[in-house]
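Written out below as structure tokens is the structure these notes cover.
Fair warning: this is a prediction, and the values are worked out from it, not measured in the lab. Each chain gets a letter, A, B and so on, in the order the sequences are listed, and its residues count up from 1.
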Amino acid sequence: MKKTFSIGGVHPDDKKISAGCAIETLPTPKTVYISMAQHLGGPAKAIVAAGDKVKTGQVIGEPTGFISAYVHSSVTGTVKSVGLRKDLAGIPVVHVEIEAEPDEWAEGIDTSDTLVKEIPQDPKFIVDRIKSNGVVGLGGATFPTNVKLCPPPDKKADILILNGAECEPYLTSDYRIMIEKPQQIIIGAALMKRVLGVSHVVVGIEENKPEAIARMKEAIASLAAGSSDYEGIEVVTLKKKYPQGGEKQLIDAITHRQVKSMGLPIDVGAVVQNVATSLAVYDAVQKNRPLIDNTVTVTGECFPKQSNLLVRVGTPLSYIIDYLGGVPETAAKAISGGPMMGKAIANLDAATLKGTSSVLFLTEEQTRRKPETNCIRCGKCAEACPMGLEPFLLNKLARNGMMDELEQNAVQDCIECGCCLYSCPANIPLLDTIRIAKGEVIRIIRSRTAPKK
Amino acid sequence: MNKLLVSPSPHIHSKTSTRSLMLDVVIALLPSVLVTVLFYGWSAVAILASSVVFCVLLEYLITRYLLKKPSTIGDMSAVVTGIILALNLPPTAPWWVAMIGAIVAIGVTKMTFGGLGQNVFNPAITGRVFLLISFPAIMTTWGGAKGFIGGADAVSGATPLGIVKEGLMQGQTLQQIFDLHDFSYAQMLFVNIGGSAGEISAIAIIIGFIYLLARKVIRPYITLSILVTVAVFSGIFWLIDPSQYTDPLFNLLTGGVLLGSVFMATDYVTSPMSDKGGIIFGVGIGIITMLIRYFGSYPEGMSFAILIMNSTVPLINKFCKQKKFGRA
Amino acid sequence: MTATIIWTIVAITVLGVLLAVVLYLVATKFKVEEDPRIDEVEKVMPGANCGGCGFAGCRAFAQSCVEAANLDNNYCPVGGNEVMKKVAAVLGLEVHEKAPMVAVVRCNGTCANRPTVNEYDGIKSCKVKAALYSGDTGCFYGCLGCGDCVAACQFGAISMDPETGLPVVDEEKCTACGACVKACPKKIIELRNKGPKNRRVFVSCVNMEKGAAARKACSAACIGCGKCAKECPFGAITVEHNVAYIDFNKCKLCRKCVAVCPTGAIHDVNFPAPAPKPEKAVPKPAAETAKAAADTAPEPTPAPAASPATDKKEE
């Protein structure tokens, strides 16, 4: 039976028009700009200076604090500058500018294609490799993976969920890696399984990707035949429904456990990792290869050449776009990520990050907001909300700044999936106001609980 | 491409708009409109046209000249109100009745509260009830209209509900009344001459209901809970005393129960948001309707029932919320 | 008939009397004892309930004044010194006069000065826009133009100039309550000394980028060159993070800084204009006129009704 989450959801057209395009390696650009803020948490501190020579895979940024991650050079070459540069939202962030030369890999990195199937026995070794190679969650939030794999001692995971739902329309990068590198993904899963000490791993894939489901099942079967490390890994087919790949929704769909308000997946014994993260874990642990490149889908009906590219971290978006023939005349908006939760790109000169999964071009007609009209109280937003909230009410409360009522009506539970705004027939910018109110309410909740500690 | 658009997510929108939803309701009303026009002829066309025109014109004038805002008639909600109002009037009613109904529906009930989405009561029903109280003679006289099909004898005194009420008041038993008037369920289901324009064909309304469900414009809970409540309530009384209380099928097919439960009680603005709330709302309407039919002085209680329950919607919305994720 | 009327009247009268008694009893039973001076203080308050004083409203402020030992920590920015004197008179306390303040918009990134590179398509809110990206221009620090300050102002003292896309403060209406300062996510608006005859000099830019980048984003940006700081005889100007700031407590309004600023980022307002105002205040002529004015600065002849004309020089 196909599984799905229990409340709400919408069905946007999936438009996976780049699904058939095999992953192609993008030539290394002349200059890369590697951001020090590639992950959730404290930005990394640059440890190189202008003039330094760096090798591919060499550490150039060190974590600052518990939730932070290493950043590695994605090319071999000379550091030109370390300083502020605008990210894709136009906000100045510290970048390391490196002029690229032909690749010369840092020591200890296995660049061969041989599949390493043996799972190291020591969980600490695995976590250290994941940490030192700068692996972060590639499902969107870019949370440092090593932190997520080491839950506090009073909490114990009993299931690892690999997120292969890719429920956002247009995106196909996860789909392509599931087809092209299924064994590596499963080995990555087995590695994380060892770290967490869980016996059960579920790979959740939406029903609209039958080929990925088949490939992943084959990979599991062939690996499980050779080693007992791969027991307890299975693929589950999920219904096509957005936001199936939301962390809380995915856990609900697969285990029927609901993460409490303000809680974390580990509270219900689950850890969720994206399939792309799993692939990065494989590279990091089995090959000692840092996270210096990732698969980026470049797509959109108005874009002439659909593609899935393997891109070095720090490649300017404009370089990728020019490589594929430039920005189409009819494109009105460029989005990093999917159309439901992705971020609009304000600056096409910005460089890619570890978590950049796609560049999507939409036309004026596809994306321009229509004028807001009166709420007709149809309740479609509440019907669509996967968290069971009432967006129409939250919007009104937010516009009037009623913080107590917002908290009572659980604005802090909002996962910003966009279902409410997507389905509103009156084009009310529900999520715009709710998102801001959510931030403020969470700040109030934190400030209330903080002094008690 | 010159300047990149930047906006918060999501970046795409479903194709549903207020206008498309209202258009779907209009389409769902078409079978009823068609049957009405066929069987009541030109007078039905006249009342439909005048009601729609007055509703739309009034909304346009009020938004443009009184509120000095851009006109909102493009959302089609005034058209829906106009059609529903017309279907609630006797087809022989003069045009000025439709005009007064439109003034009450659009002018008083809808626009004074701030237009679409802000009104507490269903505009069309309020218009109808106002007319029913103000002009009882016109509002309860049917017949005299010549249909395009069905011959010249489309003449009838009162609705089945009215005949029954009258008969019971005169001390007749139901058996006697039914024998006298020869009501047939088949006739009620397809075309039942005698009644407000929209009440005459149950099957046309059911077709509209199925269309609305298929297009996901409405959810079935409100409609079904009204119908079930009416059936159960009348069923209990009918079993107790079949000579005094009409049977469930008769109650479902006559009067405005079908029209009201499909098109008027399900109005987004004046009905609860959650499914649970919708069921409470529907049960309330069903009970009040039957109380009025059996024990009130009016033969029909659907409009009053919907209006009364409209006023409870904010309360229902407050207490019937859907279950939140991860909260007990 | 007569009996009915009489009975009706009697019934209503009895009912009225009964309810009056109930109301009286309830009122005495639930009466809250309050310091009567709170009412008195509240009477002299402006009654705007704007919260500019830091209290929930005028009554809360009045209560705090009554309870406080002195008025050092309580000041009503809307009523200013006059109201505070009245409050002090009611309570028999002393009040320290404060110089009147006014909200000042420190951004001159007009449509002409700042080329736009993006177009915003979302809810009209600076807060939302600021959380999303840098804004429509190359300047990350400047005004976003959605008018959160306009919405926050209870006195109708701020409006958006459709031509420049920037907010304009009506200094007659501005009460310096600080609501706009809090509302601005970019922290552009500052409460500054109103100045003698409303004359003020301030740096109309908060861009912390290096000179070249700031200049590229906006032709009227402060590039942090420091010429003004060197020129200032009173040490009122500091340059930090590539942007100059004039301390209004030290500034003596000599306007030497205005003359030397290469980008015209330093604004002087309400000074008499010697020449008819230039149509489009390109930085250079503006600086020149300012310089000319500065030469005769020490005892400037007050120009009545000059304020609206000179105000517009900010364009």
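Contacts of A/R368 with chain C are made by both backbone and side-chain atoms, with heavy-atom separations under 4.5 Å. For C/N118, the part lying near chain A is the side chain, with the backbone staying farther off; criterion is any non-hydrogen pair under 4.5 Å. The part of A/I436 that comes within reach of chain C is its side chain, from C-beta onward, which places non-hydrogen atoms under 4.5 angstrom from that chain.
Side-chain contact check for A/T363 and A/Q366: at least one donor-acceptor pair (N or O, by modelled atom type) lies under 3.5 Å.
Comment: A/D87 does not engage A/K343 in a salt bridge, judged by the lack of any side-chain N to carboxylate O separation of less than 4.0 angstrom.
In this structure, CE on A/M387 lies 12.5 Å from SG on A/C420, to the nearest 0.5 angstrom.
For A/L84, the side chain to side chain contact (heavy atoms under 4.5 Å, CB included) test picks out A/P92, A/V94, with sequence neighbours left out.
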